[in-house]
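Data block below; observations after.
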Amino acid sequence: MINRQDTTRLWRDAILFDGRQTSDEKMALLVVGNEIAQLCPMSELSDEQIQEAETMHSGGVITPGLIDCHTHLIFGGSRADEFEQRLEGVSYEEIARRGGGIISTVRATRASSEEELYQAALPRLQALIQDGVTTVEIKSGYGLTLKDELKMLRVARRLGSEQPVNVVTTLLAAHALPPEFKDNADGYIDLICNEIIPAAAAENLADAVDVFCEGIGFSVAQCERVFQAAQAYDLRVKAHAEQLSNLGGSALAARYQALSADHIEWLDEDGVKAMAEAGTVATLLPGAFYTLRDTRVPPIDLLRRYQVPMALATDGNPGSSPIFQLSLMLNMACTLFRLTPTEALQGVTSHAARALGLSGQAGTLAIGRQSDFCVWDIHSPSELAYAIQPGRLKQRIFQGEIS
Ligand code: DI6
Ligand code: FE
């Protein structure tokens, strides 16, 4: 392997989206070792600097490595049969009530070994990597026993250590009520609070704790107990909230300084205000909105008015968003939710970093940062949102290595 420590590598004449805005002139990006050493207009680069550096690429658009801040990409089985049922008119909630939905994936995930889950997740993760993702959040939530939730989180940690991508893990034991706790949801919440969270914390398997606050998930009071248990172990929280109805899950999440509230189609102004005050990010998931043929759009204007940062993610999962292409979310967010291309790009970079508690570490390009970035074969960053066209990623640089 080439020793990169002393070489200065140059990406030149690029339009740069730094995670917040697009440069109005051609830029140079210099990398030494694994670090961004210089970021400046081409006009400020001396001939000497250009000659001394090894030019890696000229032209195109440079963005931070993309961040998919909400995925469920580890699971067993497939739900293609439910896709067909939904096409015949059966609703997502009805399928869940009949014992399908999340619970059918739980059955298949429990029946899978760690190795099988790893092998099944790998192509999904590789699809994200080939789409420019350098940081991905992966949730548990299809195990719903102590053993199976930890099994999922171990697979997530292994993906992060063996694949060229940062993996952030989230414990989502409060995703659905497992059949063995039928009519005893509070008993299952006890298990989460007294056993699953402590064990995940002891093994350092979870970076955060998530809940599904919904009629077909858990009540606000039950989610609050999970948040209290998470806090006792210094774990940040987040919530699937206001996806199918308005229960006030986002405001609850904000009261616990949640990193993010996700989905939020049914969020009202009080919820938006609570999130703004707490600094909670609004994570938009247009893939689930599209798949479930929702019609209620998240309150984008209110989020703008109260300056709640909007992140954007795939929600990649076998039921409501079988999508493992983050760049497609840029287009969907603009077309379905009327985000601007710049807002959409911020949603998969700087705001996604904030949704993972990684502000200042990922999602923005600045001098001194680790060099995780993408070079795209396009002329302006908005083209990423405009065209649904895989294959435009020219180079992906992860921790200084080009892939
Ligand atoms: N909301 C979602 O979008 C995913 N989980 C959740 O609480 C869907 C999970 C699934 O249908 O398997
Ligand atoms: Fe989700």
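Atoms within a ligand are numbered from 1 in the order they appear, just like the ligands themselves.
In this structure, Ser320 is part of the shell of residues with a heavy atom less than 4.0 angstrom from ligand 1. Ligand 1 does not have Thr105 within reach: every non-hydrogen atom of the residue lies 4.0 Å or more from it.
Per-residue contacts place Asn317 under 4.0 angstrom from the following atoms of ligand 1 (heavy atoms of the residue considered): 3 (O), 4 (C), 8 (C), 9 (C), 10 (C), 11 (O), 12 (O). Each of the following atoms of ligand 1 lies closer than 4.0 Å to a heavy atom of Gly319: 11 (O), 12 (O). The atoms of ligand 1 that sit less than 4.0 Å from any heavy atom of Phe212 are 7 (O). Those atoms of ligand 1 with a heavy atom of His263 less than 4.0 angstrom away are 1 (N), 2 (C), 3 (O). Numbered from 1 in the order shown, with element, the atoms of ligand 1 that lie under 4.0 Å from a heavy atom of Arg79 read 10 (C), 11 (O), 12 (O).
A salt bridge links Arg158 to Glu115: at least one charged side-chain nitrogen sits closer than 4.0 Å to a carboxylate oxygen. Checked for salt-bridge contact, Asp207 and Lys238 miss the test: no charged N lies under 4.0 Å from a carboxylate O. Between Arg110 and Glu180 there is a salt bridge, since at least one side-chain N of the basic residue sits less than 4.0 Å from a carboxylate O of the acidic one.
Surrounding CD of Gln307 are at most 12 heavy atoms belonging to other residues, nucleotides or ligands under 6.0 Å away. Taking a 6.0 Å sphere around CZ of Phe181, one finds it holds more than 12 heavy atoms contributed by other residues, nucleotides or ligands. In Arg20, the CZ atom is not crowded: 12 or fewer heavy atoms of neighbouring residues, nucleotides or ligands sit closer than 6.0 Å.
Summarising the geometry of Ile197 relative to Val226, their closest heavy-atom pair is CD1-O, 3.8 Å, with the distance given to 0.1 Å.
Nearest N/O/S atom of Asp315 relative to the Fe ion (ligand 2): this is OD1.
A cation-pi arrangement is not found for Arg255 relative to Phe227, the charged atom failing to lie both closer than 6.0 Å to the ring centre and inside a 45° cone about the ring normal.
By the criterion of a heavy-atom distance under 4.0 Å, the side chain of Tyr92, and not its backbone, is placed next to ligand 1.
Nearest protein heavy-atom neighbour of atom 3 (O) of ligand 1: Asp315 OD2, 2.7 Å. Scanning all protein heavy atoms for the shortest distance to atom 12 (O) of ligand 1 gives Tyr142 OH, 2.6 Å. Counting protein heavy atoms only, atom 5 (N) of ligand 1 is closest to His175 NE2, 2.7 Å.
Using a cut-off of 2.8 Å, one finds that His70 contributes an N/O/S atom close to the Fe ion (ligand 2).
A side-chain hydrogen bond (donor to acceptor under 3.5 Å, both in side chains) with Thr135 is found for exactly one of Asp68, Asn166, Thr349, Asp372, namely Asn166.
Computed with the Fe ion (ligand 2) at the centre, the His72 NE2 to His240 NE2 angle is 100°, stated to 10 degrees.
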